[in-house]
Chemist: 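I have a structure I would like to understand better, so I am pasting it below and will then ask my questions one at a time.
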2 protein chains.
Amino acid sequence: MTHSEENYLKGIYHLSKGGSVAVATNAIASQMDTKPSSVTDMVKRLSEKGLVDYRKYQGVSLTESGSRQALKIVRKHRLWELFLVEKLDFKWDQVHEIAEQLEHIESEVLIDRLDALLNYPDFDPHGDPIPDKNGVFKTREKKLLSAMPVPSEGLFVGVKDSSATFLRFLDKHRIALGKKVSILEKEEFDHSMRIRLDGEAFRISHQIASNLYIKPNAVP
Amino acid sequence: MTHSEENYLKGIYHLSKGGSVAVATNAIASQMDTKPSSVTDMVKRLSEKGLVDYRKYQGVSLTESGSRQALKIVRKHRLWELFLVEKLDFKWDQVHEIAEQLEHIESEVLIDRLDALLNYPDFDPHGDPIPDKNGVFKTREKKLLSAMPVPSEGLFVGVKDSSATFLRFLDKHRIALGKKVSILEKEEFDHSMRIRLDGEAFRISHQIASNLYIKPNAVP
DNA sequence: AATTAAATTTAGACAAATCTAAAAATTTGT
DNA sequence: ACAAATTTTTAGATTTGTCTAAATTTAATT
């Protein structure tokens, strides 16, 4: 498989949320930052290789085999991201581009060793789950902060938007994975919220709240 | 720079022994395991980019700029090889192919961090010197075992042939970097030698002896 | 020095991955 | 339901990197 094929598989995987949902040519084009005509070409190749199901004008979905491949790439990407943060002291906003390259390195053993070096981690630096060798990942309950009831509590466990700008915004406000969050108040008008984090209460916009994943505290 | 361009630069670098020596199209072709016509094409591109000096039928040499680039790739390759051995428990015969891919990852910071993680090493797992950030490498006296006087002593510090088969042969005979070697006898007829290693004396062929680098012990 | 041999380059073709512009199919709006 | 808008595909071109086969240049030999 070429790098480009791998990238397409990964893109389709993300758009179809890891599943067999059909995705549109245009959607793939914008995800991959390329033209629809290029997508059509590539999708035909992937189809010939049995990695996607494709019917003209009807969208694309991953086959079993395509899905397995995509998961491997996702696994590699996330393991490398964690490696960069854990072993090379990169910040969570600096790892994506490099992992984007590293994910294409071909070597099963290499990834297994990396996995071991990192102690078989379940989540990457952005809180996204890392599939294991068999493509299985740990799930955990998580809700968008914007969807949490008032009042309630939970743990900040992941980001929906993992763009460098958003991540740096979170750094600036000391919002980091693993911190405890209390939801104090929700504003009907603009859907902004008041939350407590590190003992300090403050207000965040709906835009922000709808990009933070919270693991709700179990309520007995 | 594309991967292919980088590979050619590295190939030319190795053939010209790191210098400005002109190398032949055929030599590059066999080094790169490709056809002479492909070399001509690529060499023209590299020449247009100012990375090599090229005059038709007269061979190719690296420019200052080409040499700098080549050294960067060599540095990356050797740092990654050492990383694989030191941090991921690979054997010295398993790292080349993977490093061949990793050397193309683009990120200055990544390499600097890797360098730091490995404590700014001077030599890779095969005893080859690792250029520092500025392209400078530590030199040390070394001689082919076949060129050592009788009797003499030294340290096994590197291999000339670093093919997996040769490295595994050395493993089998417990010949490992850093070990002390005593040269006991040289056979005029077939140039084979008797040496002592780990307290045990044995005979090795000229073929082997001319692929092992020894750092001779200082004689007062 | 002329001829043969070897090395090198050119010419033309091909696959991968992309693009633009035009054509075709599907979806939407009234 | 049919025209308009949108989406998708096709056709044809481009770049990179490679190849084979033929032509050219340089080197070697007698």
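From a predicted model like this one, the values you see are computed outputs, not experimental measurements. Naming: A, B, ... by sequence-line order, numbering from 1 per chain.
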Chemist: Whole Å only: how far is the CE atom of B:Met1 from the C1' atom of D:dT16?
Modeler: 15 Å
Chemist: Identify all pairs in which a protein N or O lies below 3.5 Å from an N or O of nucleotides 2-6 of chain D, and state each distance.
Modeler:
none

Chemist: Which value, rounded to the nearest 0.5 Å, describes the distance between B:Ile130 atom CD1 and B:His77 atom NE2?
Modeler: 10.5 Å
Chemist: Using only atom types and a distance under 3.5 Å, with no angle test, would you say the side chain of B:Thr63 pairs donor to acceptor with the backbone of B:Leu51?
Modeler: yes
Chemist: Check whether A:Glu5 reaches the backbone of A:Thr2 with its side chain - one donor and one acceptor, N or O, closer than 3.5 Å.
Modeler: yes
Chemist: Can you tell whether the side chains of A:Lys10 and A:Glu100 come within less than 4.0 Å, N to carboxylate O?
Modeler: yes
Chemist: Using a 4.0 Å cut-off on protein heavy atoms (strictly under), produce a 5'-to-3' string for nucleotides 16-27 of chain C with B for base contact, S for backbone-only sugar-phosphate contact, and - for none.
Modeler: SSBBB---BSS-
Chemist: Backbone N or O of B:Ser146 within a donor-acceptor pair of the B:Lys186 side chain at under 3.5 Å?
Modeler: yes
Chemist: Run the salt bridge (Lys or Arg N to Asp or Glu O under 4.0 Å) test against B:Arg78 and tell me which residues pass, sequence neighbours left out.
Modeler: B:Asp124
Chemist: Could you write out DNA chain D as dot-bracket? Rules: Watson-Crick or G-U wobble, both distances under 3.5 Å, brackets [ ] for crossings, | for pairs with another strand, dot for unpaired.
Modeler: ||||||||||||||||||||||||||||||
Chemist: More than 12 heavy atoms of other residues, nucleotides or ligands under 6.0 Å from CD of B:Glu185: yes or no?
Modeler: yes
Chemist: Provide, to the nearest angstrom, the distance between the CG atom belonging to B:Asn7 and the C1' atom belonging to D:dT18.
Modeler: 14 Å
Chemist: Salt bridge (charged side-chain N to carboxylate O under 4.0 Å, His left out) with A:Asp115: which of A:Lys133, A:Lys76, A:Arg75?
Modeler: A:Arg75
Chemist: Not counting sequence neighbours, which residues clear salt bridge (Lys or Arg N to Asp or Glu O under 4.0 Å) with A:Glu64? List them please.
Modeler: A:Arg68
Chemist: Applying ring pair (Phe, Tyr, Trp, His ring centres under 6.0 Å), name anything that partners B:Tyr8, two or more places apart in sequence or on another chain.
Modeler: none
